[in-house]
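Input: a single structure, listed below in structure tokens.
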Amino acid sequence: MLRTHTCGELTIKNIGQPVTLCGWLARSRDLGGMTFIDLRDRYGITQLMFNMDTHKELCEQARKLGREFVLKTTGKVSERSNKNSKMPTGDIEIIVEKLEVLNESKTPPFTIEDESDGGDDLRMKYRYLDLRRTPVRNNLLQRHKVAQAVREYFDANGFADVETPFLIKSTPEGARDFVVPSRLSPGEFYALPQSPQTFKQLLMVSGFDRYYQIVRCFRDEDLRADRQPEFTQIDCEMSFVEQEDVMNMFEGMVKHVFKKVRGLELPAFKRMTYTDAMKYYGVDKPDLRFEMKIVELKNLSPSGGGKGEDVVSGKNFKVYDDAELIGGICAKGCAEYTRKQLDELTDWVKRPQIGAGGLGYIKFNADGTLKSSFDKFFDEASLKKIAEKFSAKPGDLILILAGAEERTRKALGALRLEMGSKLGLRDKNKFECLWVMDFPLFEWNEEEKRWFAMHHPFTSWKKEDEGLLNTNPGAVRANAYDVVINGVELSSGSIRIHNRSQQEKMFKLLGLTPEEANYKFGFILNAFEYGAPPHGGIAFGFDRFCSMVINNEDYIRDYIAFPKNNSGRDIMLDSPSDIDAKQKKELGLK
RNA sequence: GGACCGGUAGUUCAGCUGGUUAGAAUGCUUCCCUGUCACGGAAGAGGUCGCGGGUUCGAAUCCCGUCCGGUCCGCCA
């Protein structure tokens, strides 16, 4: 070993000891007669001291060193005359007796500090330098802790880690596959797994009973702050279980991780049906850190059954008379919003991404009077009636959207989150964990004019809804469940289909011919004929789980050592890139 | 496929209602400084204003196109 200690461990207890440290020059302070160097490694920072009076040559050498030089230094641990209470090693410094430059460094393109001056782009290009920064390094070290806690829990509960292949077969349904051309079978392709879904089910057929894997998955879809083309899942599956068993097991896993990594005892997860989530929060992944539930003022859509109290129609206000759904939220204490603020909010909801036609409001003034954007059509009593539906109090602001059901619900959901953020209600220290349950089995795809599996095609349906499969597929509920924390979908799971005829029926409902089903999924249909046990499971987005547990945020790139950018490019490698003509030829391309 | 924001010194940004030599901070270089810890002080170097075209007497600034980055919608079983 080139060193006897690390840069994070020496304290007042080590005074007088001769030590050798290695690390990077983080910063130096040249005072003329003496020079200080902050030496950094993974573990911390230790101050080196050079004095012109006692070690002239060493001191002169030290003054010439640049940032990020790699140094090896030997000296004596000594108590500082001026202590720094802000750092763990602040009571001591090394009086340097020997100094060796192990490697020089060019001046880095950005500062390697907790608050770097570098932009995202530069930091990605020089990711190996960015990873020297404490916040990013800590994220990765904490990620390791999360993985350890996960493995510990699963091992203790009898789960076996079994690896599954990456070079597999392209399947229809779901996300776009990344494909790999085969050299040995020219013109044919492997696909990289979107998840090990079918393999884990086959492992259940094999009798493994309890399986897990922390495994890379690949989806060739557009990216987001919380989506990478390759990402990591905690993939899990159990046999001989019912939905309740699976939920208990994995709720336990999440709690174990929060306890181990953050020292937090989470309370029992809340539960909510998909229908309620959509109705009250406008999304299938509600952020429950704040209330501000959506209140329906009129609902003539199929989900409202054409019934539901209607307190807004019949006032000669065409927009509201014509709307399928009218709903709103109550922003507490916002009645003082200025015209400008309301105009900004209106512009916000009218952006194409939100797509609302406009924004109605009712100010419940502090003096008890009501002022709305549609005063022309509504008298004070009618406004009062609406305000009551929101349980609004003086000082509150009611925001109202109207239009077609689906779009209006989504817009209300987005507006709710926006107001939550504006009002600082999305507390970074709060964790609201929720199971969303009873998802629909199918969703209608307007482009292809057919039903798609909402979760995936191996999800079983609720027995009591079986009669609806042929008559009203959209109303069939799945045995599917999601874990949602603070509005982030962390995981998704279901009880699977485990017999051939049901699986064939599912494929048929999805529009696959028996031939197609057999060509694409024959292996699993066959397996179901050899004693497949009832089984179910779940998969967690590990990157999101880490960003959530570690810093309660929804941005995963800083929790991945070498992430890709917005367009799926690796800025550091400059990939994807062209390949040699020779390689192409071997692969039968072009 | 679409919407919005951004691209100016090594870096982060200001300048943008067109007008003399494009600024600040930080980093970098040199010098001074014996208890600093974001050390301090002095001086200096550093620019294809992303790229192409247009409008104009004159463009970092206005217009069009294009490339790149970011956030989001669609998409993501």
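Just so we're on the same page: letters track the sequence lines, and every chain starts at 1.
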Approximate separation, where rounding is to 0.5 Å, of Glu504(A) CD and Asn499(A) CG: 9.0 Å

Roughly how far apart are Thr35(A) OG1 and Leu48(A) CG, rounded to 0.5 Å? 11.0 Å

Do the two ring centres, one from Phe521(A) and one from Phe458(A), sit under 6.0 Å apart? yes

So what does [X] hit on the nucleic acid, given a heavy-atom distance under 4.0 Å: a base, only sugar-phosphate, or nothing?
X	value
Asp220(A)	nothing
Gln197(A)	base
Leu122(A)	sugar-phosphate
Thr107(A)	sugar-phosphate
Pro457(A)	base
Tyr555(A)	sugar-phosphate
Ser567(A)	sugar-phosphate
Gly355(A)	nothing
Arg123(A)	nothing
Met454(A)	sugar-phosphate

Nearest-angstrom distance, [atom1] atom, [N] to [M]:
N	M	atom1	result
rC64(B)	rG27(B)	P	40 Å
rA9(B)	rG23(B)	P	14 Å
rU8(B)	rU21(B)	P	23 Å
rU29(B)	rC73(B)	C1'	49 Å
rG53(B)	rG47(B)	C1'	23 Å
rG74(B)	rG65(B)	P	26 Å
rG70(B)	rC28(B)	P	28 Å
rG15(B)	rU20(B)	C1'	16 Å

Expressed as a whole number of angstroms, how long is the span from [X]:[atom1] to [N]:[atom2]?
X	N	atom1	atom2	result
Arg133(A)	rU12(B)	CZ	P	13 Å
Met49(A)	rC39(B)	CE	C1'	15 Å
Lys83(A)	rU36(B)	NZ	P	15 Å
Asp114(A)	rU12(B)	CG	P	18 Å
Asp177(A)	rC75(B)	CG	C1'	14 Å
Met34(A)	rC32(B)	CE	C1'	17 Å
Asp117(A)	rA38(B)	CG	C1'	13 Å
Asp30(A)	rC33(B)	CG	P	10 Å

Between [X] and [N], is there a side-chain N or O to OP1/OP2 distance below 4.0 Å?
X	N	result
Arg29(A)	rC39(B)	yes
Ser116(A)	rU11(B)	no
Asn566(A)	rG69(B)	no
Arg27(A)	rC39(B)	yes
Arg557(A)	rU71(B)	yes

In the structure shown, which nucleotide is the Watson-Crick or G-U wobble counterpart of [N], with both distances under 3.5 Å?
N	value
rA25(B)	rU11(B)
rU17(B)	none
rG40(B)	rC32(B)
rA3(B)	rU71(B)

Only one of Arg133(A), Lys106(A), Arg40(A) forms a salt bridge (charged side-chain N to carboxylate O under 4.0 Å, His left out) with Glu68(A), so which one is it? Arg40(A)

Once hydrogens and angles are ignored, does a donor-acceptor distance under 3.5 Å link the base of [N] to the side chain of [X]?
X	N	answer
Glu93(A)	rG35(B)	yes
Arg569(A)	rC68(B)	no
Asp222(A)	rG74(B)	yes
Gln353(A)	rC72(B)	yes
Arg224(A)	rG74(B)	yes
Arg219(A)	rC76(B)	no

If we only count heavy atoms from C-beta on, is the Pro457(A) to Phe507(A) side-chain gap below 4.5 Å? yes

Flag for Arg500(A)-Asn526(A): side-chain donor and acceptor within less than 3.5 Å: yes

Residue whose nearest RNA chain B nucleotide is more 5′ - Lys410(A) or Arg67(A): Arg67(A)

Note: for Ala175(A) and Met87(A) on RNA chain B, the residue whose nearest nucleotide lies more 5' is Met87(A)

Within 45° of the ring axis of Phe218(A) and under 6.0 Å from its six-membered ring centre, is that where the NZ or CZ of Arg216(A) lies? no

Taking Tyr43(A)'s backbone N and O only, do any of them form a donor-acceptor pair with Asp41(A)'s side chain (distance below 3.5 Å, no angle check)? yes

Output yes when Asp343(A) and Lys340(A) qualify as a salt bridge under the 4.0 Å nitrogen-oxygen rule, no when they do not. no

Return the stacking result for rU11(B) and Phe110(A): yes when the ring centres lie under 5.5 Å apart and the planes under 30°, no otherwise. no

